[in-house]
Amino acid sequence: MPFTLEPSYDDIPRLQDLVVRLRAYLTDEVIPYEHEHGITAETKLDRTTLEHVWKRSTELGFYGISLPPELGGQGLNFYELCALKEELTASGAALSHSVLGDMGGPLRVGAIVKYATEEQRERYLMPVIQGERACCFSITEEDAGSDVRRMTTTATPDGDTYVLNGKKVFSSAAPFADFAIVVARMAGEEESYSAFLVDLDTSGCTVLDGEVPMSGQQMEGDLVFEDCRIPAANLLGEIGQGLRIGIGRITLNRLLHCPSLIGAARRAWDLSVHYAMNRTVSGQPLLAHQAIHHKIAEMATEIYAARAMVMATAAKADRGDNVSVEANMCKLFTSEASFRVADQAVQIHGKAGLTRGNEVEQIFRSLRMFRIVTGTTEIHKNAIAKGLI
């Protein structure tokens, strides 16, 4: 079979079936729905729009698909999940983040179910898994990004309640979430952090529009707590487990961001090949020029190399091996390689690639972010070196 950047999983029947069905859903339903309602990557999304995708994705078995069967999922392993996440962004669908439940959905809460009480599971987590509610994680602060221990938001015990004070920023899904998982410093303690389930309509809790990132996507918000009193029953896990809950899966989360970046790079490659085939320069297609051949080849090689790293690491994680070094390598290489692909895509498109509203221009801005978000390039290098030396 000739080489193609669109992967096939013929040797894994279940995965191949899921990929084929996911591609059909995105092409036949999600993207037409976006076109009908004028939705782009930079549209400020409302709850009704998102609930439409949650409901339909649930009906088709995609929403929360990676969760174990007892939580309504299909128990996908990391390899399978990576394959699906690549397909989402490779489709170019603006709502791809809501199909499996990445944005405020079941993929956000699946890792914390083990810390929740039965009451918390039923009131907060299961409705998210079922597409009825949405949540956000709130850990980052203006002066506490990579160094989360600089956080100043505090939780003060007061009888059968806790009182929260402080401000969280860059909380993805906050604009349409029902509740937040908030990590705060225990008042009067130097190194004790706890996690709390906070209903966003609680008195003393204010949700503000977050700053719009360079990607233009309006999916983040800031949370302000001013003597926000929550029940002691909303403590998630035990006192002092906040960082473990908030960033405990950071290694795997970094790995699981990679296929989304690869998919976006693949989309940029597809758009570039199509543009080069149809753009005429000096009487012949742009693709006829050797300089464009070289760019197309380099871009494809970057995508292939990144995918090979990520899928090999995912398979190793599925075997139960420690992949802390490899996951950081994957995020480091994939974020840099995907951005190089996007940069070449802009170059191929010329002035069109510099124009707001052109898809490769938006992909360029989005992929540039991931050399910083979910761990900077420098942070990954530090972690890799620490793991090797």
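Note that the structure is predicted; figures quoted are calculated from it, not measured.
- Annotation: Glu59, atom CD; neighbour count of heavy atoms from other residues, nucleotides and ligands within 6.0 Å is above 12.
- More than 12 non-hydrogen atoms from other residues, nucleotides or ligands lie less than 6.0 angstrom from OH of Tyr9.
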Side-chain donor-acceptor pairs of residues 62-73 under 3.5 Å, sequence neighbours excluded:
none

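- Between Glu378 and Lys381, none of the side-chain N atoms (NZ, or NE/NH1/NH2) sits under 4.0 Å from a carboxylate O, so this pair counts as no salt bridge.
- With values rounded to the nearest 0.5 angstrom, Asn328 atom CG is found 6.0 Å from His380 atom NE2.
- For the pair Ile31 and His35, the minimum side-chain heavy-atom distance is below 4.5 Å.
- To the nearest 0.5 Å, atom OG1 of residue Thr280 and atom CG of residue Leu287 are 11.5 Å apart.
- Ile239 and Val198 fall within the same hydrophobic cluster, defined by Ile, Leu, Val, Met, Phe, Trp and Tyr side-chain heavy atoms under 4.5 Å apart, directly or through other members.
- Side-chain contact between Arg14 and Leu76 is present, with at least one heavy-atom pair separated by less than 4.5 Å.
- Considering all non-hydrogen atoms of both residues, Pro259 and Cys82 come closest at CB-O, 3.2 Å.
- By the 6.0 Å contact criterion, CE on Met214 is enclosed, its count of non-hydrogen atoms from other residues, nucleotides or ligands being greater than 12.
- A donor-acceptor pair under 3.5 Å is absent between the side-chain atoms of Lys168 and the main chain of Ala184, judged by distance alone.
- Asp158 places no side-chain N or O within 3.5 Å of a backbone atom of Val163 that could act as its donor or acceptor partner.
- Crowding of His274 atom NE2: a count of heavy atoms from other residues, nucleotides or ligands under 6.0 Å not exceeding 12.
- For the pair Leu81/Leu256, a side-chain contact is recorded, criterion being any heavy-atom separation below 4.5 Å from C-beta on.
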Open item on the list: For a side chain to side chain donor-acceptor pair (under 3.5 Å) check, start with the C-alpha distance between Asp178 and Tyr124, then their side-chain angles and the critical distance, and finish with the verdict.
Closed with: CA-CA 9 Å; Asp178 297 288; Tyr124 290 99; over 6 Å; no
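- Open room surrounds CD on Gln290; 12 or fewer heavy atoms of other groups in view lie less than 6.0 Å from it.
- The pair Lys55-Glu51 fails the salt-bridge criterion, with no side-chain N (NZ, NE, NH1 or NH2) lying under 4.0 Å from an Asp/Glu carboxylate O.
- Under a 3.5 Å cut-off, the side chain of Glu302 and the backbone N or O of Met299 do not form any donor-acceptor pair.
- Residue-environment remark: CD (Gln347) stays at or below the threshold of 12 foreign heavy atoms within 6.0 Å.
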All N/O donor-acceptor pairs, side-chain side in residues 99-113, below 3.5 Å, sequence neighbours left out:
from	atom 1	to	atom 2	distance (Å)
Asp102	OD1	Lys85	NZ	2.6
Arg108	NE	Asp102	O	3.0

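- Remark: side-chain polar atoms of Ser366 are not paired, donor with acceptor, to backbone N or O of Gln362 under 3.5 angstrom.
- In this structure, His349 and Tyr275 have parallel ring planes: the angle between them is below the 30° cut-off, well short of the 60° mark.
- Side-chain contact between Arg149 and Leu243 is present, with at least one heavy-atom pair separated by less than 4.5 Å.
- Of the possible polar contacts, none joining the Ser338 side chain to the Ser335 backbone as a donor-acceptor pair under 3.5 Å is found.
- In this structure, the side chain of Lys295 does not engage the main chain of Ile348 through any donor-acceptor pair within 3.5 Å.
- A 6.0 Å sphere centred on CZ of Arg340 holds more than 12 heavy atoms belonging to other residues, nucleotides or ligands.
- Between Ser8 and Asp10, the side chains place a donor N or O and an acceptor N or O closer than 3.5 Å (distance only, hydrogens not considered).
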Task: Step-by-step side chain to side chain contact (heavy atoms under 4.5 Å, CB included) determination, Glu86 to Val310 - done: CA-CA 11 Å; Glu86 178 183 333; Val310 169; over 6 Å; no
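- Within the 3.5 Å criterion, the main-chain N or O of Thr49 finds a donor-acceptor partner in the side chain of Asp46.
- Note on Arg21 versus Glu87: no salt bridge recorded, every NZ/NE/NH1/NH2 to OD/OE distance being 4.0 Å or above.
- Looking only at side-chain heavy atoms (C-beta outward), Arg56 and Tyr25 come within less than 4.5 Å of each other.
- The existence of a salt bridge linking Lys167 and Glu141 is excluded, since no basic side-chain nitrogen approaches an acidic carboxylate oxygen closer than 4.0 Å.
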